[in-house]
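Just so it is clear, the values below take in all heavy atoms, side chains as well, and ignore hydrogens, waters and symmetry mates. We name chains A, B, ... by the order of the sequence lines, and we start the count at 1 in each one.
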Protein chains: 2
Amino acid sequence: MPTMTAAQKRARAKNEYDAFLAGCPSRELLDRISDKWVALLIAALAGDLPAREPGPLRYSELSRQVVGVSQKMLTQTLRSLERDGLVTRTVTPTVPVTVTYDLTDLGRSLQTVMRQLKSWAEQHMDEVFAHREAYDAG
Amino acid sequence: MPTMTAAQKRARAKNEYDAFLAGCPSRELLDRISDKWVALLIAALAGDLPAREPGPLRYSELSRQVVGVSQKMLTQTLRSLERDGLVTRTVTPTVPVTVTYDLTDLGRSLQTVMRQLKSWAEQHMDEVFAHREAYDAG
DNA sequence: CAGGATCCCGCTAGATACTG
DNA sequence: CAGTATCTAGCGGGATCCTG
């Protein structure tokens, strides 16, 4: 995520600075949390996955649960979540070293909201797909 | 948005097909609605902006309210929303032609959820930014 | 007015290889 | 095990010009 999007730069240049639409920090955050892997990692850590209880997970466990994530994106996303205070990273000096990740309270509060999004998707996807087919047919 | 992400292809290739994490339709939908302009357009059409009531908006009104969106992305995003049954597109044969966009009931139900996300961002951004500074300092 | 068609650039996800 | 480093291709998205 860039520090400032082209849209924001343009708005700034034109001196039309709209709080919600362009340069507002909450917009930045909205961008952040609507990231693909962010959503999945938070769900995974919250235990919001079939056959899993909430609790800390190790790096390798995460990479197994979040099917399809590359090492690069996993590390990168975890770092950004840690930076934002949404997850904790705990290193246990065993050999080899053990690293676990867990949600913070802040992270859990976010998860509550994210869960609703997931819920909406699950409830309405049939309807959306029906619309999509009708549109493509017409 | 691609029909199938690289992650999905990989999952399919490995025959590890996880419902929520890889190829599930609800995942696709989550991707869709976490789009930047989708969020903003829905908010705009819902009237979830300073000094605006809900109601239909014209193409040019949208492009003015959603600061920074290009014509291409505006059209593209509106089309996809229409295809998914989230907005309606109404053409009135005046000269020149008048086109208005409005949320459907489905779109409004989504907006309810999106609003929560926005709300979360607005309430917790200070905390997140504090974490961020601390992290960068350390 | 409401777009369609093109060109083109920057970013970034992803693959691969390496390491404490 | 839990990452880091490097390279590259692909495409999202912006700018620009054009039209019914």
B:Glu61 CD to C:dA2 P, straight-line distance once rounded to whole Å: 8 Å
Sugar-phosphate, base or nothing in reach of B:Gln76, heavy atoms under 4.0 Å: nothing
Nearest-angstrom distance from the residue atom CG of B:Asp35 to C1' of D:dG12: 10 Å
Gap between atoms CZ and P, on B:Arg58 and C:dG3 respectively (whole Å): 10 Å
Between C1' of D:dG13 and CG of B:Leu40, the distance in whole Å: 15 Å
Selection from C:dC1, D:dG13, C:dG3 that lies nearest to any side-chain heavy atom of B:Pro96: C:dC1
For nucleotides 4-7 of chain C, which of its nitrogen or oxygen atoms have a protein nitrogen or oxygen under 3.5 Å away, and what is each distance?
residue : atom : partner : partner atom : Å
C:dG4   : OP1  : B:Arg79 : NH2          : 3.4
C:dG4   : O6   : B:Gln71 : OE1          : 3.4

Where B:Ile42 and B:Gln111 come nearest, the two heavy atoms and their spacing: CG2-CG, 3.4 Å
Between P of D:dA2 and CD of A:Glu82, the distance in whole Å: 15 Å
Stepwise side chain to side chain contact (heavy atoms under 4.5 Å, CB included) check, B:Gln71 with B:Tyr59: CA-CA 9 Å; B:Gln71 286 189 350; B:Tyr59 184 88; 3.8 Å; yes
Protein-nucleotide distance (A:Lys36, atom NZ; C:dT12, atom C1'), rounded to Å: 13 Å
Residue whose closest nucleotide on DNA chain D lies nearer the 5' end, A:Thr100 versus B:Met73: A:Thr100
Evaluation steps, side chain to side chain contact (heavy atoms under 4.5 Å, CB included), between A:Asp84 and B:His131: CA-CA 5 Å; A:Asp84 289 353; B:His131 276 289; 5.6 Å; no
B:Leu117 side chain near A:Leu117 side chain, heavy-atom distance below 4.5 Å: yes
Whole-Å distance separating the OH atom of B:Tyr101 from the P atom of C:dC1: 14 Å
Under 3.5 Å: donor-acceptor pair, side chain of A:Thr104, backbone of A:Leu86: yes
Short side-chain N/O contact from A:Ser70 to OP1 or OP2 of C:dA13, under 4.0 Å: no
Phosphate-side-chain proximity, A:Trp37 and C:dG14, N/O vs OP1/OP2 below 4.0 Å: yes
Nearest to side-chain heavy atoms of A:Val99, which nucleotide of D:dG14, C:dG14, D:dG3: D:dG3
More than 12 heavy atoms from other groups under 6.0 Å of CZ on A:Arg115: no
Euclidean distance, atom CG of residue B:Leu74 to atom C1' of D:dG14 [Å, nearest integer]: 14 Å
Cluster link A:Leu62 to A:Val97, ILVMFWY, side chain under 4.5 Å: yes
